[in-house]
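Throughout, residue positions are numbered sequentially from 1 according to the sequence presented. In this text, all values refer to a predicted model and were calculated from it rather than measured experimentally. Side-chain atoms are counted along with the backbone in the values below, which use heavy atoms only and exclude waters and symmetry mates.
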Amino acid sequence: PEVRSVEAIEQSLIYVDQQSKKDLLLDILNEEGIGQTVVFTKTKFCANRLEEQLRKSGVSAIAIHGNKSQNARQKALLAFRNEKVKVLVATDVAARGIDVDGVTHVINFELPHEPESYVHRIGRTGRAGASGIAISFCSNAERAELRAIERQIEQKVPVDTERSTFIPSANDPIPGKKGKGRGKPRRFSSGSGGEGGRGFGGEGKRPFKPRKKFKSRTGAPRGRVEGEGGGSGGHSGSGQPKSQKRRSFNKGGKPARRKE
């Protein structure tokens, strides 16, 4: 049923800046032939704010979202069904619960994050064999959502060039979408081929660097006792037993005098 309703609905897209959406919405709602309309937003905050702005502009509107009680949602739907209010501002959470005949228009004030929600939204109009109209506002920041929606419905949404405030070209980068090969290269790539080098498709191995040998103040390598060698039989290279006591040195690095 959802797929059939999408095919029967007249869809259109308007490219508009985010700050100009409210004025565009008011212009559309004040046109002739606009009956009961459902306006969809992404968040509860935006739904409440838009309801207040529409009322201040003389448009009867009521908001419905998940933060409202079941009793409040039922009252809002009843007022909308009885045409006591013209506009129902809703979020995606409440989309499937809106089963009202006679909705002539659905306006996507903001495009949904999930492309499946677009189908549920516009399915609120064109019910019971009636025709319906779905208008979607798209800002430059929402073009990634638009592309996902068009992949979901397997068709391009027709653009209303007369009402659009801008028309993006095919070469314009989509905000929030990283291009292929972009982003931070990894420090050590595991790939092969190409010229050598770290993180750019070389052999992917860290170049070998021998560890530095730190010397003590006496000049001997740290951790070894002066006089110890590589001799065998538990004796050092100087022929002295390995268990010989270590000599102590003063601050200047010279052997300390033994106390008699």
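- The shortest distance between side-chain heavy atoms of Ser139 and Val16 does not fall below 4.5 Å.
- When the side chain to side chain donor-acceptor pair (under 3.5 Å) test is applied to Gln155, no partner is found at least two apart in sequence or on another chain.
- Here the CD1 atom belonging to Ile28 is positioned 4.5 Å from the CZ atom belonging to Arg163, to the nearest 0.5 angstrom.
- Applying the ring-ring contact (aromatic ring centres under 6.0 Å, His included) test to every pair with at least one member in residues 147-174, sequence neighbours left out, gives these pairs: Tyr15-Phe166.
- Ion pairing of Glu51 with Lys86 is absent here, as no side-chain N (NZ or NE/NH1/NH2) approaches a carboxylate O to less than 4.0 Å.
- Of the possible polar contacts, none joining the Asn108 side chain to the Glu110 backbone as a donor-acceptor pair under 3.5 Å is found.
- Distance check, rounded to the nearest 0.5 Å: CD1 of Ile149 to NE2 of His113 gives 11.0 Å.
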Next item on the list: For Phe137 and Leu25, run side-chain contact (heavy atoms from CB on, under 4.5 Å): C-alpha distance rounded to whole Å, both residues' side-chain angles, the deciding distance at 0.1 Å, then the answer.
Entry: CA-CA 9 Å; Phe137 297 168; Leu25 177 62; 4.0 Å; yes
Next item on the list: Take Glu145 and Arg151, measure what salt bridge (Lys or Arg N to Asp or Glu O under 4.0 Å) needs, and give me the verdict at the end.
Entry: CA-CA 10 Å; Glu145 285 90 335; Arg151 283 198 298 263; over 6 Å; no
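- The backbone N or O of Leu50 lies less than 3.5 Å from no partner atom in the side chain of Lys22, so there is not a single donor-acceptor pair.
- Expressed to the nearest 0.5 Å, how far OG of Ser136 lies from CG of Leu13 amounts to 6.0 Å.
- Ser12 places none of its side-chain heavy atoms less than 4.5 Å from the side chain of Val157.
- Counting all heavy atoms, side chain and backbone alike, Ser117 lies closest to Pro112 at CB-CB, 3.8 Å.
- In this structure, the side chains of Leu88 and Ile62 come closer than 4.5 Å at one or more pairs of heavy atoms.
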Can you list, pair by pair, the side-chain donor-acceptor contacts under 3.5 Å of residues 37-46, counting residues two or more places apart and other chains?
residue	atom	partner	partner atom	Å
Thr37	OG1	Gly35	O	3.0
Thr41	OG1	Thr43	O	3.2
Thr43	OG1	Cys46	N	3.1
Lys44	NZ	Asn67	OD1	3.3

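- Using a distance-only test at 3.5 Å, with no hydrogens or angles considered, a donor-acceptor pair links the side chain of Ser69 to the main chain of Ala72.
- Contact record, Thr125 with Val103: OG1-O, 2.7 Å, taken as the closest heavy-atom pair.
- When side chains are defined from C-beta on, Gln36 counts as touching Phe80, because their heavy atoms get closer than 4.5 Å.
- If you take CD on Glu116 and CG on Asp92, they are separated by 11.0 Å, rounding to the nearest 0.5 Å.
- A donor-acceptor contact closer than 3.5 angstrom is absent between the side chains of Lys56 and Gln53.
- At distances below 3.5 Å, at least one donor-acceptor pair connects side-chain atoms of Arg124 with backbone N or O atoms of Ile98.
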